[in-house]
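Order of listing sets the numbers, starting from 1, for every ligand and every atom in it. Throughout, residue positions are numbered sequentially from 1 according to the sequence presented.
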Amino acid sequence: MLFGSLEMGLKFQVFVLCLSILFFTIAATTNSRDAAALNSLKDIWKNFPPSWRASDPCEDWVGIRCSNSRVISITLPSMKLSGPLSGDITTLSELQILDLSYNKDLTGSLPTTIGDLKNLTSLILVGCGLSGPIPDSIGHLSKLVYLSLNSNSFIGPIPRTIGNLAELYWLDLADNKLTGTIPVSSGKSPGLDMLVHTKHFHLGKNQLSGTIPEQLFSSNMVLIHVLFDSNSLTGTLPTSLGLVQTLEVVRFDRNQLNGPVPSNLNNLSNVNELFLSNNKITGSIPDLSGLNSLNYLDMSNNSFDPSDFPTWFSTLQSLTTWMMDKTQLQGQVPPEFFSLPHLQTVVMRNNQLNGSMNISNNHSNQLKLVDLTGNQISSIVTTIGADDVDFILQSNPLCEESGETKDFCIPEVEISPYSTQSNNCIPGPCSSAQISSPNCHCAYPYTGTLAFRAPPFSDLENFTYFTTLEEHMVRTFQSYQLPVDSISLSKPHKDSNEYLNLTLRVFPPYDKDSFNRTGVSSLGFVLSNQTYKPPHGYGPYIFMAEDYQHFAGESRSKKSTNIGIIIGAAAGGCVLLLLLIFVGVYAHHQKKIAQKANKQNPFAHWDQTKSSGNIPQLKGARCFSFEEVNKYTNHFSEANVIGSGGYGKVYKGTLPTGELVAVKRAQQGSIQGGQEFKTEIELLSRVHHKNLVGLYGFCFERGEQMLIYEYVPNGSLKDSLSGKTGIRMDWLRRLKITLGAARGLAYLHELADPPIIHRDIKSTNILLDERLIAKVADFGLSRAMIDPDKGHVSTQVKGTMGYLDPEYYMTQQLTEKSDVYSFGVLMLELITGRRPIERGKYIVREIKTVMDKNKDLYNLYELLDPTIGLGTTLKGFGNYVDVAMSCVQESGADRPTMSEVVKEIENILQIAGLNPNAESSSTSASYDDASKDTFKHPYGNDVEAFEYSGGFLPSKVEPQ
Ligand SMILES: *[C@@H]1O[C@H](CO)[C@@H](O)[C@H](O)[C@H]1NC(C)=O
Ligand SMILES: *[C@@H]1O[C@H](CO)[C@@H](O)[C@H](O)[C@H]1NC(C)=O
C-alpha cells in the first residue's frame with residue numbers, strides 16, 4: 001500500500017511537472033507591461049523574495065501566476081514586504097487575485113486607481129499597515145467576490161459604491177478605523193442594502209456611528225454572518241434584521257444601541273450565536289423561544305426592565321452558553337434550566353436572582369461553570385454528579401452572611417491548559433528559535449493567531465474542540481498538497497471582544513526544518529482567503545500571521561539555476577525530462593531512506609574504540625552492550641522490576657563490582673528517535689552533582705534504548721510523603737530534603753554548561769538515597785539553554801499540572817524561574833503532604849487564602865501534614881513558608897533565583913539548629929518497615945506527566 005501511494009504520488013508529480021513545462025514552452029515570457037508593473041513594485045518594496053531577482057516574473061518569481069503571459073494572480077502573504085502599494089499595480093489588467101496579507105510593513109493607502117483592476121475577483125489585504133480612505137473606485141471591481149481589508153488602519157467612511165459589487169460574497173472591513181454611518185442606497189447612489197448575494201458582513205471593531213438603517217436588511221438577502229460588534233452605533237436594532245432568514249451569526253454587541261429588541265428577531269430560527277451585550281437596550285428581555293438553533297446567547301449589560309427568569313429557555317435545546325450579566329433578572333433560577341442537554345456555561349452576575357440555587361438531578365453533563373456573583377442567593381442545593389461544575393456565588397447572602405469559605409465563594413482563576421501534546425515522543429531540546437513539533441521534530445513553524453469570532457461553545461476545558469480542529473486542519477492542509485507535517489494549537493482564550501483566540505503553529509515536513517517562500521505564501525493564502533474551512537460548528541474565523549523569520553534556503557546564495565535547467569530540458573522534449581525526473585526522484589527517495597536509517601541510529605558509524613565525529617559527547621557515561629545489561633538484571637527478570645510506567649519498566653541491576661544500578665528500559669512502541677535519545681544522554685552525562693541522580697551509561701543495541709542510572713534506594717519523595725516507604729518525615733528531615741533538592745536544581749541552572757531547565761520538578765522526581773539525601777531525577781523534559789543570553793527558551797508548554805508555572809503557560813517562554821515556581825509548589829507539598837491539586841483545590845491558592853502571618857504557624861495548622869511533628873516546635877517554619885510563597889509569585893521576575901533559595905534554606909536550617917553543610921548522618925534503615933518489599937522505584941514519570949515514550953511513526957513522518 002505504501003508503494004502504491006508512492007507510485008501514485010510520483011505519477012501525479014510528473015504529470016504536473018509535464019503540464020507546467022508544456023505551459024512554459026507556450027508562455028515564453030511575461031507581457032512587457034505586466035513585467036514593468038511588477039518591476040516597479042520590486043523597486044519600491046524592500047524584502048521582496050530573492051527569486052524576484054530573476055528576469056522573468058511569470059517564469060521565476062515566487063507568488064506570481066500567469067496565463068498566456070499575463071499576470072493573473074499575486075499571492076504574497078507573510079513575505080515581510082515593506083513599502084507602499086504603488087499605483088502601477090493597477091495596470092495589471094488581467095489580475096484576478098491580489099493577496100498581500102500579513103505584510104505589516106506594507107504601508108500607505110490603496111491606490112485610487114484600484115478600480116482599474118477590472119478582472120479582480122479577490123482583493124485580500126488582511127493585517128497589513130495600510131491607511132487612508134478606501135477609494136470609491138473599489139466599486140468598479142464588478143467581478144469582485146472576495147473583499148478582505150480587515151486589520152489595517154483604514155479611515156473615513158465605508159464607500160457606498162461597494163453596493164455596486166453585485167458578485168460580492170465576502171465583505172470584511174473589520175478592525176480598522178472606519179467612521180461615518182452605514183451607507184444604504186438612495187436614488188442613484190448605491191449602498192450596502194444592494195448586496196443581495198453577499199453572505200458575510202464583517203464590519204466589527206471600527207468607529208461606525210449613527211443608526212442602523214431600516215433599509216439595510218431585507219428578505220432578499222442571503223447573509224449568514226452579520227458582525228457589527230465594537231462600533232458606536234446608536235438607535236434601535238432595525239426590524240428588517242428579522243427578515244433575513246439565512247442568518248446564523250449575529251453580533252451587535254459593544255455599541256450604544258437603545259430601545260427595545262424588535263420582536264421579529266424571534267423568527268431567525270437559524271441563528272446559532274446572538275450577541276447583543278454591552279448596549280443600552282431597554283424594554284423587557286425579548287422572547288427568543290423561536291431561536292431553536294441557538295448555541296450562544298449574550299445579552300449582558302443592557303438596560304432591560306426587571307423581569308423574572310424567562311420561561312422560554314426550554315425551547316433552546318442546543319444552548320451551550322447563557323450570558324446574562326446585569327440584565328435585571330430577579331426571582332428564582334428554575335432548576336430545570338440546568339437540564340438543557342448541551343449547557344456548558346451560565347453567567348448571570350449582578351442581577352437580583354434570589355432564593356435557592358438548585359441544580360437538578362439530570363443537569364447537563366457538559367455543565368462547567370455557573371457564575372452568579374452579585375445576586376441574592378441564600379442557599380445552594382446540588383446533587384451528586386455536579387462535582388465538575390464550578391459554582392461562583394461570591395457577593396451573595398450565602399457567602400456574605402455565613403462568612404462561608406466554601407470553594408464557590410472564592411473566585412477561581414480560570415485557565416484552559418490546552419496545548420497540543422507530543423505524538424508519543426519526547427520533545428528534544430531545540431536550538432533557540434526552533435520549536436518542537438507534535439512529532440518532536442525541531443523546526444521553524446509558521447505561526448499566528450486563529451481568532452474565532454463567535455464560537456458556539458464556551459467550555460475551553462473540553463479539549464475535544466481543539467483536537468478535532470487540529471486533526472481536521474492537518475488532514476485538510478495535506479489534502480491541498482501543502483508541505484505540512486503537523487500543526488499545534490495552544491493557549492485558547494477569550495479576548496475582550498469575546499473572540500476565541502488560539503495560537504496556531506504549522507510545522508514543515510519531517511525532512512525540512514523550515515518552509516520556503518512558496519510554502520509560506522500558500523499557507524498564508526489558504527488562511528487569508530478562507531480556503532480552509534473549519535468543521536461545521538466553529539463559526540467565522542480570521543487568521544493573523546506572525547512574521548516568518550526562517551525561509552528555507554535563503555542564507556545560501558544561488559538557487560534559481562535548476563529552474564534554468566528545467567526550462568532548457570523542456571526545449572529538449574518532455575520524454576527525456578520525464579526520464580531525468582524519474583531518476584532524480586528515485587535517487588532522492590533512496591537518499592531519504594538512507595538518511596532516515598541514519599536518523600534512527602545516530603551511533604551507526606560509531607566505533608567505540610576509535611574516535612569519530614558521531615560519538616555522543618559523553619563525560620563519564622559509558623555504553624553498555626545488551627548482553628551486559630541482560631546479565632546485570634538477571635535477564636530482565638520480573639523480580640527485578642522496581643518501577644514501571646508508560647515509557648516501559650525500570651529494573652534493578654547489579655554490576656560485576658557489586659554496585660547497584662537502575663535500568664530504565666523503553667518498551668517497544670515507546671522508543672524515541674535516535675537523535676533525541678542521543679541528546680538526552682549527552683544532557684544527562686554532562687551533569688555531576690551530589691543532589692542529582694547520576695547516569696552510569698546507556699545501551700543502544702538491538703532496537704533497545706536503556707538508560708543506566710545510579711540506584712537510589714529510598715524511592716521518591718512522594719512515596720515518603722504518602723507514607724508508602726515508612727520513612728518518618730519530621731520537620732528537620734523535610735528541611736534537609738528541601739535543601740538538597742534546591743542545591744541540585746541550583747546546580748542545573750547556574751553551574752551546568754549550558755544551563756539546564758528541568759521543566760518537571762515535582763515530588764516523584766526527587767529521589768532519596770540511603771542517607772535521605774535528595775537527588776533530582778528525570779531530565780526527560782529538560783531543556784538546555786543553548787543561548788543563555790536570551791534568558792528563555794520558547795517551547796511548547798510541558799510539565800505536570802499543579803506544578804506548572806502560570807507565566808510559562810501564558811507566554812510559552814521557559815526560563816529558570818519556571819522551575820523556581822514548581823519548586824515553591826514542591827515546598828508547599830512538603831509541609832502539607834498534599835498533592836498540588838487535590839479534589840479540585842489548588843495548594844497555592846489554598847495557602848494564600850488561609851495564611852495569616854500574625855497567627856501561630858501562619859494559621860496553616862489545619863493544612864499541615866500531621867506527621868511533620870505538629871506537637872513540636874517547627875523552628876524556622878515562618879521563614880520556610882515565606883520562601884515558598886516568594887517562589888510561587890505570579891511574575892517570574894518577582895521570584896528568587898535557585899541560589900537565593902538555597903541561601904534562604906541554609907539560614908532556616910541554622911535557625912532550626914542544623915548545620916546545613918553536614919551530611920545527613922542517620923540512615924533511614926531504622927524507619928524502614930515491611931512495606932519496603934512492595935515499594936516501587938519511581939524513576940521516570942507518573943501518570944499525569946509526559947511519558948518517557950517515543951518514536952516517530954513513519955506514517956506521520958511522510959505526509960502523503
Ligand atoms: C425573590 O424576589 C422576588 C421578586 O423580587 C420576590 O417576590 C420574592 O419574595 C423573593 N424571594 C425570596 C425567597 O426572597
Ligand atoms: C466535549 O465536547 C464534545 C463535542 O461537543 C461532546 O460530545 C462531549 O460530551 C464534551 N465532553 C464533556 C466532558 O463535556
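- Protein heavy atoms all stay at least 4.0 Å away from atom 7 (O) of ligand 2.
- If you check each of L367, T464, T320, N462 against atom 10 (C) of ligand 2, the one with the closest non-hydrogen atom is N462.
- Polar contact check, N365 against ligand 2: no nitrogen or oxygen pair lies under 3.5 Å apart.
- Of all protein heavy atoms, the one lying nearest to atom 9 (O) of ligand 2 is Q366 NE2, 3.8 Å.
- Counting protein heavy atoms only, atom 13 (C) of ligand 2 is closest to K368 NZ, 4.3 Å.
- Side-chain contact, R453 with H225: no donor N or O sits under 3.5 Å from an acceptor N or O.
- Using cut-offs of 30° and 60° for the angle between ring planes, the Y538 and F457 rings count as perpendicular.
- Of all protein heavy atoms, the one lying nearest to atom 4 (C) of ligand 2 is Y465 CE2, 4.1 Å.
- Residues Q376 and Q352 bring no donor and acceptor atom of their side chains to less than 3.5 Å of each other.
- Of all atoms in ligand 1, numbered sequentially from 1 with element shown, those under 4.0 Å from a heavy atom of N354 are 1 (C), 2 (O), 3 (C), 8 (C), 10 (C), 11 (N), 12 (C), 14 (O).
- Note on ring orientation: taking the six-membered ring where Trp is involved, the planes of F543 and Y446 are tilted (angle from 30° to 60°).
- Of the N and O atoms on the side chains of S151 and D175, at least one donor lies less than 3.5 Å from an acceptor on the other residue.
- Taking the six-membered ring for Trp and the full ring otherwise, F313 and W322 have centroids separated by 6.0 Å or more.
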